[in-house]
Structure formats: C-alpha cells, structure tokens
Amino acid sequence: MKGGSHLRCASCGDAYQLKEPVVHCRCGGLLDVAHDLSRWHGRGEGLKALFRSRLLSGKEADASGVWRFRELVLPGFPLKSMVTRGEGNTRHYSFRKTGEWMGQPNVVFKHEGENPTGSFKDRGMTVAVSRAKADGAKRVVCASTGNTAAAVASYASLAGLPSAILIPENATALGKISQSLAYGATTIKIRGDFDAALRLVMESREKLGLTVLNSVNPFRLEGQKTIMFEALERMGWNPPDWIVVPGGNLGNTSAFGKAFTEAKEIGLIDRLPRIAVIQAEGASPFFHSYSDGWKPYKMEAETVATAIRIGDPVNRDKAVRAVDATDGLVASVTDTEIMDAKAIVDSDGVGAEPASCTSAAGIRKLVAEGVIKRDERVLAILTGNLLKDPDATIKYHSESLPDIMSASPNRPVTIDPTARALEKVLSS
Ligand code: F0G
C-alpha cells in the first residue's frame, strides 16, 4: 500500500493504524507492520549506500545495528524518542572445532549473545519499547523463558516505564532472573510453564492496562529483522544458501522471512536463503506440525534448553509463511545433541547458552543426512550468551545433568595447595 506504515493482519489483511493498541486482528490473526516499500523500488543500491554511510556518522541512532536500518524498521519514527543501548553490531565467527564436528566448514556463526543484555531480544526491544513509550504506555509486561524478561527489564528502566515479567518458576536460567531483578522489574514466578504465563498475560492485558512486549507485538519483529539485514550487509548482500536458527516462540523465524521478502522486493538481494528452524525434541511442536503437512500441533514442553521450552508457539502462522516462502525446513535435535554441541561451540572460545546451540546440533544432523551440502554456505544464529545459564554448563562438565551422558566433559579438579599436586594434574 502507498503512504506510511500501518498494521496489517497476516491472516485476513485487515488494516489498523500503527498507534492502535491491538495485539491481534478482529479475526484472531497476528498483525504485521506493513511498510510502503514502493519508494525504494529500483533504489536498492542507494539504500545499501545509506546504511553503510551510517557506520561512520557518529550519531546515536546510527550506532545501533537496528536503527541504522530504520527505513525498513520504523520509517519516520522520531529519533529523539528512541530508547537504545546501541544494540546489534554483532560479530560473525568461523569456529574451527565446531566446523569439523559439524562436518561443514562453510558455517559462519552470527553471535546475537553479544547484544547489550546478552541475547537477540534487545533488537526487538529497542523498537517495541521506543514505540510503547511514544504511545503513552503505562506499564509494559511480558511472559518469558528469561531472555525477553531481561531485555524488557533493561529497556523499560531506561525508558522510565514500570515493567512486570512473568517467568516459569522452575525453568528459568539464573543469569536471566538476576538481570530482571537487578533492572528493577516486578518479577513474577508462575507455577506453570511459559505457555501458561503467556496465556495469563494475554488474558489480563486489557483489564490491567498492560502493553505486551512478547513477540506478538509486531514492532519486536521489525527490530529482529535487522539480524538479517546486518548479516546480509556483512556478506556483501550475497545471501548464503542456508540460515539456521533455533525455534521457540518462532519470532526470529517470522522476522527473518519478512526481512528476506522485503529485501528481495526492493532489490537488496536477488534470491532468498533457505531457513532451517531447529527445535529441541522435547519442545518441538513446529517440527511435528511441519512433518504432518502443517497440521496445528501443541505439546507439553520439556528440554534442558529452557529458553525454548515452549509447547504452543505464538508466531506459528507467520513462521509457516517464512518457511514456505524460503523453501525452508524444520528439524529437531535431542537434549544430548544440544549439550554436546554446546560443549564444542564453547570450546572454540566464545560460547553460547544451550538453546543457541541447537543451531550447531541441527547443522551437524542436516549435513549427515545430506540435506545441507558440504559446499553450501551456511549462516547460523547463536541467540544467547554463554553466561545466561551457568548452571547447565557446570552440570554438563560435572556430568550431573539428568539423562545426559556428557561426550566432552571438562571436569574441575580440586587439589591441596602443593607443587606436587599441581604437577600431577598438569601432567595427567
Ligand atoms: N534462543 C534463545 C536464547 C531464546 O531466548 C529464545 C526465545 C529462542 C532462541 C527462540 O527464539 O522465540 O524467536 O523462536 N526466548 C523467549 C524468551 C521465548 O522469553 O526469552 P524464538
């Protein structure tokens, strides 16, 4: 459509104004932020040059790896209302040991755990919180497995907005809870799982006057699109063959599909990479759905990768659209495969949290099955920082994770403070 951006239902196409406090369409469908891209048609090269020029501008908005792409995120948003921590600008790594372990040397890992609060959530949160503040939100809220909560808590405090976060009582990693407490969010532990927490948020939001910052908030996904814009720019706008991403609530999958479709529409890229979504076997409703002709599927979720312990992903329909549009696929890996992948990724010197490493485990599996070919170029996303879940790391290396036989444990040893004891350890 011509003119400015608006909200559009991903199911029935009904339109709403950007400022309307809606989360779902009247028909129950999810909303997209729809942009008028017609003014960029045929001007892809100019847009690339504009994005690049901002790397040297020294302005606050341009220092953000989200707002640097603002024409494709939230065009026209007043930059003085921006709530930013300079998110994005995350590095690309080629890991030697991980490459050998996966049987695929052409993998680049983009580390979204290098964002300010340690996960990709900051990319969406800078946009959603800026928008919420500008629209006069009274209180922001999210259900979370932990990372969204940390990002909400941080950005809300920066914005001067009160925040409340709802997390599963017994399945949220320590680093994430400590962030939410530290940033001053009202921290609510739910006797239930993430799916129950999100249902509660959605049921209560109108009555309690809450602005929801889960990925049902379409502004979140606009920010998360920049993971791909930044990656494509770094690759000279020459798309890889595959994008491999962990799947939980499926916000990233949906955002990536939208980013590629838009980038192709205005000529930033000439073809779409294939998206491979990797889920933990115990939390794999999207994998089951994919395997069964996209029949709806929900499950009781359980996995060591608590970030993606989700049985009823809210962005499912948008994610189906993304997988279909890119000729993508969905796979699942076991908890043992995830933790063994994590041990290898970590040992390459940067590391990531368990959920992030489903991407490495998934690549290994897809290479072994001959789906990803050895000469294909792969971009994998590491979604969260190693320090988020110290408990899982220590238990893996101490071989005390239930039901998991650690393939590469790095056991700590305790010695008396004597030279002999030290020599014995170092020579063994
Ligand atoms: N990786 C990490 C580290 C995450 O925290 C999440 C989601 C995902 C992957 C899955 O991403 O939902 O876009 O498919 N964490 C959410 C949270 C659910 O509450 O922090 P997705």
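Atoms within a ligand are numbered from 1 in the order they appear, just like the ligands themselves.
Close placement of the Phe77 and Trp67 rings is indicated, their centers lying within 6.0 Å of each other.
Heavy-atom proximity to Lys121, at under 4.0 Å, picks out these atoms of ligand 1: 5 (O), 6 (C), 7 (C), 15 (N), 16 (C), 17 (C), 18 (C), 20 (O). Every atom of ligand 1 with a heavy atom of Gly251 under 4.0 Å away is listed here by number and element: 12 (O), 13 (O), 14 (O), 21 (P). For ligand 1, the atoms lying closer than 4.0 Å to a non-hydrogen atom of Thr148 are 16 (C), 17 (C), 19 (O), 20 (O). Using a 4.0 Å cut-off to heavy atoms of Glu353, the atoms of ligand 1 that qualify are 3 (C). Short contacts between ligand 1 and Ser144, defined as distances under 4.0 Å to a heavy atom of the residue, involve ligand atoms 17 (C), 19 (O), 20 (O).
Stacking of Arg364 on the aromatic ring of Trp101 is recorded, both the 6.0 Å distance cut-off and the 45° axial limit being met.
Close N/O approach between Lys176 and ligand 1 is not found [any backbone or side-chain N/O within under 3.5 Å]. Between Ile310 and ligand 1, no pair of N/O atoms sits closer than 3.5 Å. Here's the thing with Gly247: none of its N/O atoms is less than 3.5 angstrom from an N/O atom of ligand 1. Polar contact with ligand 1: present for Asn249 (N/O pair, distance under 3.5 Å). For ligand 1, the polar-atom distance check against Leu250 finds a nitrogen or oxygen pair separated by under 3.5 Å. Looking at Ser356 next to ligand 1, no N or O pair under 3.5 Å apart turns up. Looking at Thr145 next to ligand 1, an N or O pair under 3.5 Å apart turns up.
Here the rule is side chain to side chain donor-acceptor pair (under 3.5 Å) with His35, and of Glu265, Glu262, Glu222 only Glu222 fits it.
The closest approach between any non-hydrogen atom of Ser119 and ligand 1 is not below 4.0 Å. Using a 4.0 Å heavy-atom cutoff, Asn315 is absent from the residues neighbouring ligand 1. For the pair Thr253 and ligand 1, no heavy-atom separation below 4.0 Å is found.
Using modelled atom types, one side-chain atom of Asp36 and one backbone atom of Ser38 make a donor-acceptor pair closer than 3.5 Å. The backbone N or O of Ala407 lies less than 3.5 Å from a partner atom in the side chain of Tyr396, making a donor-acceptor pair.
Across all non-hydrogen atoms, the minimal contact from Asp346 to Leu386 is OD2-CD1, 3.4 Å. Smallest separation of non-hydrogen atoms from Glu353 and Asn147: OE2-ND2, 2.8 Å.
Between Met202 and Val216, some side-chain heavy-atom pair lies under the 4.5 Å cut-off. With a 4.5 Å cut-off on side-chain heavy atoms, Asp335 and Glu281 do not count as touching.
The closest side-chain donor-acceptor pair between Thr148 and Lys121 falls under 3.5 angstrom.
When the heavy-atom distances from atom 10 (C) of ligand 1 to Ile308, Leu198, Ile381 are ranked, the shortest goes to Ile308. Across Asn385, Leu382, Asn252, Thr383, heavy-atom proximity to atom 2 (C) of ligand 1 is greatest for Thr383.
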